[in-house]
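Here is the structure we will look at, set down as structure tokens.
FYI, side chains are in, hydrogens and waters are out, and symmetry mates aren't considered; it's all heavy atoms of this structure. Being a predicted model, the structure only gives us computed values, none of them experimental.
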Amino acid sequence: MATTNSIKNQMIQQPTSNTPIPQGNSVKALLQNPAIQKKFNEVLKDKSSTFTSSLITLVNNDSYLADSEPMSIIAGAMQAAQLDLPVEKQFGFAYLVPFNEKNKQTGTWEKKAQFMLGYKGYIQLAQRSGQYRKLTVDVLYEGELIYWDRFKEDLKYDMNAKTRDEVVGYFGHFELLNGFEKTVYWTKEQIEKHRIENNKAKDKRKLTGVWASNYDAMAQKTVIRNLLSKWGILSIEMQKGVLADDSVNDFDDSGEVNRVDVTDSFKEEPTQIEEPSKPIDSETGEIIESTADDATANYYQSASKSSNSK
């Protein structure tokens with residue numbers, strides 16, 4: 001998968017040509033760089049121009065993403081390109097989400113873009129393998145669940161028996177062409193336990209970021225990721241998607257690869273962090289007694305509204 005550092009190295013090592021390299025460090029300028037253009041052309045072929053144009057539009061229409069370090073946006077977009085997934089929010093296949101990362105050398109917070117697979121992206125990658133006859137993930141509301149036998153994997157439900165709009169659990173199911181089937185069911189309590197255990201924020205129980213703005217989508221993604229990564233057929237493409245999801249791959253000066261998992265650790269806006277009047281937690285970068293990250297919440301709320309309007 002592409003990393004910020006690997007793309008920078010390609011730019012440095014590119015052969016000298018008479019074509020002037022665009023000045024500036026904007027996403028648009030970087031996409032005009034011959035080395036970066038070549039990389040996207042190699043990956044996307046004739047779809048490269050359309051993909052990069054949609055990336056520029058995405059950044060221009062998203063003030064939160066536009067504040068992120070441009071090369072991290074390019075690297076995240078390249079991860080989506082290598083999986084042949086669009087990054088437009090309304091499709092829900094893949095996202096470029098801004099987050100704050102603490103620079104270990106300078107101690108300052110830097111905003112970068114993170115590649116994140118949506119649950120639709122997992123479904124898309126699985127379908128491409130050509131091995132799945134059926135694949136689904138969904139929610140169950142109060143009154144719909146009849147019973148669940150986890151040993152026999154027997155899930156009984158009645159979609160017409162809903163009594164309230166309160167979600168009680170999430171299920172995933174697939175059937176392969178060879179007849180192998182697998183069903184998983186996670187209660188709301190199990191999802192919450194998983195979320196809290198994997199939350200990197202100081203207050204682990206607090207709903208922040210994507211979980212605050214689109215809980216059900218993140219819960220369904222948790223279920224289908226568990227279902228496919230444990231029991232599904234994982235093509236090379238699917239394996240790359242699982243490894244790239246919810247992480248940023250980069251290198252420090254020693255050459256060590258750092259995998260940063262930021263699913264639940266979105267920080268406050270840099271403009272807020274820099275305000276001296278607000279107390280900051282020096283370890284997490286969070287504003288003490290602040291609300292959830294409005295930037296990330298708004299990002300996913302706009303994505304959800306766009307998707308629902310389709």
Side-chain angles (χ1 to χ4, degrees), residues 1-11 13-15 17 19 21-22 24-62 65-66 68-98 112-132 135 221 224 228 233-249 299-300 302-303 306-307 309-310:
M1 299 301 286
T3 67
T4 302
N5 200 61
S6 66
I7 294 178
K8 286 181 179 178
N9 287 338
Q10 290 178 41
M11 292 173 62
Q13 297 170 3
Q14 66 181 2
S17 68
T19 304
I21 296 176
N25 192 34
S26 68
V27 170
K28 185 175 182 180
L30 289 173
L31 286 173
Q32 294 177 37
N33 183 284
I36 294 178
Q37 282 186 346
K38 180 182 178 181
K39 185 63 177 177
F40 276 103
N41 287 336
E42 289 174 349
V43 173
L44 294 169
K45 310 302 182 195
D46 57 348
K47 295 185 287 186
S48 176
S49 178
T50 301
F51 183 91
T52 54
S53 294
S54 68
L55 176 61
I56 293 173
T57 300
L58 174 67
V59 175
N60 289 341
N61 293 334
D62 190 326
L65 184 60
S68 300
E69 197 271 313
M71 189 57 77
S72 71
I73 297 176
I74 297 295
M78 179 57 67
Q79 289 179 313
Q82 289 173 331
L83 295 173
D84 196 16
L85 294 173
V87 292
E88 290 93 332
K89 290 182 285 186
Q90 65 269 28
F91 296 140
F93 291 108
Y95 303 96
L96 296 178
V97 182
K112 293 187 177 182
Q114 167 207 355
F115 170 80
M116 180 180 284
L117 266 177
Y119 76 87
K120 292 181 181 179
Y122 274 98
I123 293 174
Q124 178 68 215
L125 294 178
Q127 288 176 334
R128 289 180 193 169
S129 71
Q131 299 297 316
Y132 292 83
L135 177 60
K221 173 183 167 179
I224 199 167
L228 294 177
I233 291 180
L234 296 182
S235 63
I236 298 300
E237 186 180 47
M238 188 71 182
Q239 293 176 43
K240 288 181 178 180
V242 172
L243 289 174
D245 186 31
D246 298 340
S247 68
V248 170
N249 295 320
Y299 185 92
Y300 274 86
S302 65
S306 298
S307 177
S309 66
K310 296 295 179 181

Inset, instruction - To the nearest 0.5 angstrom, please state how far the OG1 atom of T52 sits from the CG atom of L30. - result: 12.5 Å
Legend entry - Minimum heavy-atom distance K28-I56, with the two atoms named: CG-CD1, 4.1 Å
Legend entry - Flag, side chain of S129 to backbone of A126, donor-acceptor distance under 3.5 Å: yes
Legend entry - Heavy-atom closest contact (K221 atom, L117 atom, distance): NZ-O, 2.9 Å
Inset, instruction - Output yes when a side-chain donor or acceptor of Y132 lies under 3.5 Å from a complementary backbone atom of I233, and no otherwise. - result: yes
Legend entry - From K120 atom NZ to I224 atom CD1, the distance as rounded to the nearest 0.5 Å: 12.0 Å
Legend entry - Nearest-0.5 Å distance, NZ of residue K39 to CG of residue N33: 13.5 Å
Legend entry - Spacing of E88 atom CD and T57 atom OG1 [to the nearest 0.5 Å]: 8.0 Å
Legend entry - Rounded distance (nearest 0.5 Å) linking atom OH of Y122 with atom CG of L85: 11.0 Å
Legend entry - Residue pair A66 / V59: nearest heavy atoms and the distance that separates them: CB-O, 3.6 Å
Inset, instruction - Could you tell me which non-hydrogen atom of S68 sits nearest to which non-hydrogen atom of P98, and how far apart they are? - result: OG-CB, 3.4 Å
Inset, instruction - Output the distance between atom NZ (K89) and atom CG (N61), rounded to the nearest 0.5 Å. - result: 8.0 Å
Legend entry - Any donor-acceptor pair under 3.5 Å from D62 side chain to L58 backbone: no
Legend entry - Heavy-atom pair with the smallest gap, counting every atom of L96 and F115: CD2-CA, 4.2 Å
Legend entry - Shortest non-hydrogen separation from F51 to A80 and the atoms involved: CZ-CB, 4.3 Å
Inset, instruction - Please lay out, stage by stage, how F40 and L31 fare under the test side-chain contact (heavy atoms from CB on, under 4.5 Å). - result: CA-CA 9 Å; F40 276 103; L31 286 173; 3.7 Å; yes
